[in-house]
Amino acid sequence: MYKYFLVFLSFLFLSCSSLGTKQNHNSNTELVVTYYGKEVHRRSPYLSLSELENLTKQKKELIIIFSANWCSACQLTKKAISQADLKTKVYYLNIDEDWVKKLALMFKVRAVPHMMHVDKQGNLVDIKIGPGDIVTYLLIKF
């Protein structure tokens, strides 16, 4: 019994000690500056409402993924997509922002990651849910 406890304790120690050795502060770094209630600057991996509005006005094909920092499946999806070298840009919306929550309710988003592929005319081409389906779809299409 004592032997198993030591094995468990050493595993726990090794796994916890390795967490702090390599940190990537840029992957989830977010800075939003507001001035009198209006957003004036954003440095984030997520789109702002104004950026999304500008993209929809450009009449181009969009890949939008509802995502969250706390979601391990979302982080896995982002990592796989960044390594895939796709021919199109993928845009992320932070499900924790109030305006994104409202948008998610409109589109009946029930889980993250949730991808929506929209064509140039604004028509919904496809919806994929979960990292496996999203990454596979993007690799095949783009």
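For this chain, numbers begin at 1 and follow the sequence in order. Remember, predicted model here, so these are calculated numbers, not experimental data. Note: hydrogens, waters and symmetry copies are ignored here, and every other heavy atom, side chains too, is used.
The line from CD1 of Ile64 to CG of Leu47 is 7.0 Å long, rounded to the nearest 0.5 Å. Distance CZ/Phe66 to CG/Asp96: 12.5 Å, rounded to 0.5 Å. With rounding to the nearest 0.5 angstrom, the CH2 atom of Trp99 is 6.5 Å from the OG atom of Ser48. How far NZ of Lys89 is from NZ of Lys60: 8.0 Å, rounded to the nearest 0.5 Å.
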Full working for side chain to side chain contact (heavy atoms under 4.5 Å, CB included) between Ser67 and Val112 | CA-CA 6 Å; Ser67 182; Val112 290; 5.7 Å; no
Evaluate the side chain to side chain contact (heavy atoms under 4.5 Å, CB included) criterion for residues Lys59 and Lys57: first the C-alpha distance (whole Å), next the side-chain angles of each, then the deciding distance (0.1 Å), finally the verdict.
-> CA-CA 5 Å; Lys59 304 246 185 210; Lys57 289 176 186 175; over 6 Å; no
Does the pair Lys101 and Asp98 meet the rule for a side chain to side chain contact (heavy atoms under 4.5 Å, CB included), with working shown?
-> CA-CA 5 Å; Lys101 287 179 187 176; Asp98 291 335; 4.2 Å; yes
Mind listing the side-chain donor-acceptor pairs of residues 79-87 below 3.5 Å, one per line with the distance, residues two or more places apart or on another chain?
residue : atom : partner : partner atom : Å
Ser82   : OG   : Lys78   : O            : 3.3
Ser82   : OG   : Lys79   : O            : 2.8

Quick one: side chains of residues 120-142, donor-acceptor pairs under 3.5 Å with protein atoms, not counting sequence neighbours, listed by atom name and distance.
residue : atom : partner : partner atom : Å
Thr136  : OG1  : Gly132  : O            : 2.7
Tyr137  : OH   : His117  : ND1          : 2.6

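Grouping the Ile, Leu, Val, Met, Phe, Trp and Tyr side chains by contacts below 4.5 angstrom, directly or via other members, places Ile95 apart from Leu105. Grouping the Ile, Leu, Val, Met, Phe, Trp and Tyr side chains by contacts below 4.5 angstrom, directly or via other members, places Val100 with Met116.
With contacts defined as side-chain heavy-atom distances shorter than 4.5 Å, the pair Tyr91/Leu55 qualifies.
With sequence neighbours excluded, no residue forms a ring pair (Phe, Tyr, Trp, His ring centres under 6.0 Å) with Phe107.
A donor-acceptor pair is defined here as one N or O able to donate and one able to accept, closer than 3.5 Å; such a pair exists between the side chain of Gln75 and the backbone of Asn69.
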